[in-house]
2 protein chains.
Amino acid sequence: MARKRKTDHDSAVAGALDLFWRRGYHGASTRELEQQTGLTRFTLQTTYGGKEKFFLKTLDAYLDNAEARHFPDPETYALDDLAGWFRGIVSAERMPKIEDAGCLAFNSISSFDRSDPEVNTRIERYLTALEGRFAAILSRAKVDGAIRSEVDPDEAARVLIGLLLGLHTIMKARTSDQFPQSYAQAAVGLIEGWKNQ
Amino acid sequence: MARKRKTDHDSAVAGALDLFWRRGYHGASTRELEQQTGLTRFTLQTTYGGKEKFFLKTLDAYLDNAEARHFPDPETYALDDLAGWFRGIVSAERMPKIEDAGCLAFNSISSFDRSDPEVNTRIERYLTALEGRFAAILSRAKVDGAIRSEVDPDEAARVLIGLLLGLHTIMKARTSDQFPQSYAQAAVGLIEGWKNQ
DNA sequence: CTTATTACTATCCACATGGATAGAAATAGC
DNA sequence: GCTATTTCTATCCATGTGGATAGTAATAAG
């Protein structure tokens, strides 16, 4: 009963993800979105309600995928897996190009002030979910006797969140590959220091 | 032999510092700069060479002041002073308003991509100077026997840089006072865990 | 095939931006 | 007091922005 869209929702979101990733929310213009997503500015307005609404959809999709596929697994991860996860953050495979550095949720923290509740809740979702994973893994490791008794899982989880955000910042700040890896190594060393014996 | 300017350089820079701090580089328009600094857009062009050049001057002034007055002192700081310094980062006195959160150099990391060498060198200056302070303090603490032998000062300094950048990110991300303080406390706990005995 | 509905194309718009410019006003040296 | 020099005031400008709109094209139901 109507004309077909040139692009389906999913591939539009995928294109937008890439663009927002590289250019940031404010750096990506609606004209660029047209090209990268296959959507028209018209459709961006009529069916998504404009640039920001569409960005939120994109961010949601990103977080869904991150939680399902990239966050550390609270059920199975041991301490060494967690250390490996931190190494993976700065690995070349995941960060093929400098401008790809970062995570869309992390970037949103600096792209927006906290005046928009819609953005805020998504940032909260990112932080609490990730910190929860950290805490669960550390808590389980403690029960298993893998980490020293003085280490408080919740506090250690906050340290890891801090280090992760710092690592993302370093990746933005220092373009050379060398820097992020040495900071990731420092995080790994810290985690290893929590081990028993 | 010429007309006097309404504002002197120093107070113009002070006003700009405040504005760039609150609104960010891109958020601060040249019209706002006029009001906050007392400079005219004309003078901004003719004597400072435009918005970005003036921002760099402001950033330089900020870094000069930070190094001279706010960075931890490598000569005298003990481990407890360092811990106190981290607590001070999130203290209410230094962060009276939410939107004041952050450090101008830190904010510059996300405000610019790395395409401008002038900005990059200043970010490098910030990171290397601060990491150097951390490393010096930790190194001295090790010589004094204040920290455990397994702790590598250089690696620990990178951990602290990571945590500091993470702390700044948290302050941007979570407006409630409660969050940053618990993360700062986690950093303090970490530092205390490095102590001997 | 007709028709209602939706998306596409092509403009148009108001607004904000950093910057440029021209004439008026102030100021220090002579 | 004259004059050269610099700043100030007041526009003007080109550009890019997100968004709106009107006419056209496609498409599925009837």
Side-chain angles (χ1 to χ4, degrees), chain A residues 1-59 104 107-108 110-113 115-119, chain B residues 1-59 107-108 110-113 115-116 118-119:
Chain A
M1 207 178 184
R3 185 173 179 168
K4 275 193 292 189
R5 232 176 271 176
K6 290 161 76 180
T7 315
D8 64 301
H9 175 81
D10 286 350
S11 65
V13 167
L17 188 54
D18 182 66
L19 182 64
F20 284 129
W21 213 343
R22 295 198 324 267
R23 310 280 317 261
Y25 173 76
H26 292 103
S29 73
T30 52
R31 271 88 173 169
E32 283 173 310
L33 274 171
E34 277 194 307
Q35 296 176 319
Q36 288 279 323
T37 63
L39 295 173
T40 60
R41 292 216 325 287
F42 179 87
T43 305
L44 191 66
Q45 289 300 322
T46 52
T47 64
Y48 291 102
K51 182 186 177 185
E52 188 183 326
K53 296 269 181 58
F54 182 63
F55 171 78
L56 293 174
K57 280 260 185 297
T58 305
L59 184 50
L104 195 62
N107 294 345
S108 301
S110 47
S111 292
F112 299 86
D113 54 29
S115 60
D116 184 341
E118 294 290 335
V119 176
Chain B
M1 210 178 182
R3 185 172 180 168
K4 275 193 292 191
R5 229 175 275 177
K6 290 160 75 179
T7 316
D8 63 300
H9 175 81
D10 285 350
S11 65
V13 166
L17 188 54
D18 183 65
L19 183 64
F20 284 129
W21 213 344
R22 296 198 323 269
R23 312 279 317 263
Y25 173 76
H26 291 104
S29 73
T30 52
R31 270 90 173 168
E32 284 174 309
L33 274 171
E34 276 194 310
Q35 296 176 318
Q36 289 278 324
T37 63
L39 294 173
T40 60
R41 296 219 319 290
F42 179 88
T43 304
L44 191 65
Q45 289 299 323
T46 53
T47 65
Y48 292 101
K51 182 186 177 185
E52 188 184 325
K53 296 268 181 61
F54 181 64
F55 171 78
L56 293 174
K57 280 259 185 295
T58 305
L59 185 50
N107 294 346
S108 301
S110 46
S111 292
F112 299 86
D113 54 28
S115 61
D116 184 340
E118 295 289 336
V119 176

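In what follows, chains are A, B, ... by sequence order, proteins preceding strands, each numbered from 1. What you are looking at is a predicted structure, and each value in this text was computed from that prediction instead of being measured.
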Next on the checklist: List the residues meeting side chain to side chain contact (heavy atoms under 4.5 Å, CB included) with Q45(B), not counting sequence neighbours, and say none if there are none.
Outcome noted: none

Next on the checklist: Is T40(A) close enough to dC8(C) that one of its side-chain N or O atoms is under 4.0 Å from OP1 or OP2 there?
Outcome noted: yes

Checklist entry - For R5(A) and dA28(D), what is the distance between atoms CZ and C1' respectively, to the nearest whole Å? => result 16 Å

Checklist outcome for this item: Atom CG of D8(B) and atom P of dT7(D) are separated, to the nearest Å, by 14 Å

Checklist entry - Quick one: what's the B/S/- string for nucleotides 15-22 of chain D, heavy-atom cutoff under 4.0 Å, read 5' to 3'? => result --BBBSBB

Checklist entry - Nearest to the side chain of A2(A) - dT5(C), dT9(D), dA7(C)? => result dT5(C)

Checklist outcome for this item: Shortest non-hydrogen pair, L39(B) vs T43(B), comes out as CD2-CG2, 4.1 Å

Checklist entry - Where is the tightest heavy-atom contact between A12(B) and T7(B), given as atom of each residue plus distance? => result N-CG2, 3.9 Å

Item to check | Presence of donor-acceptor pair under 3.5 Å, side chain of R3(B) and base of dT7(D) | outcome: yes

Item to check | salt bridge (Lys or Arg N to Asp or Glu O under 4.0 Å) involving E52(B) - partner list, sequence neighbours excluded | outcome: none

Checklist entry - What is the distance, rounded to the nearest whole Å, between atom OH of Y48(A) and atom C1' of dA7(C)? => result 13 Å

Next on the checklist: Strictly distance-based, threshold 3.5 Å: is any side-chain N or O of K51(B) a donor or acceptor partner for the main-chain N or O of Y25(B)?
Outcome noted: yes

Next on the checklist: In this structure, how many angstroms lie between the C1' atom of dG18(C) and the CZ atom of F55(B), rounded?
Outcome noted: 16 Å

Checklist entry - Between K6(B) and dT9(D), is there a side-chain N or O to OP1/OP2 distance below 4.0 Å? => result yes

Next on the checklist: Tell me the closest heavy-atom pair linking A16(A) and T58(A), and the distance in Å.
Outcome noted: CB-OG1, 3.7 Å

Next on the checklist: Can you measure K4(A) atom NZ to dT24(D) atom P for me and round it to whole angstrom units?
Outcome noted: 24 Å

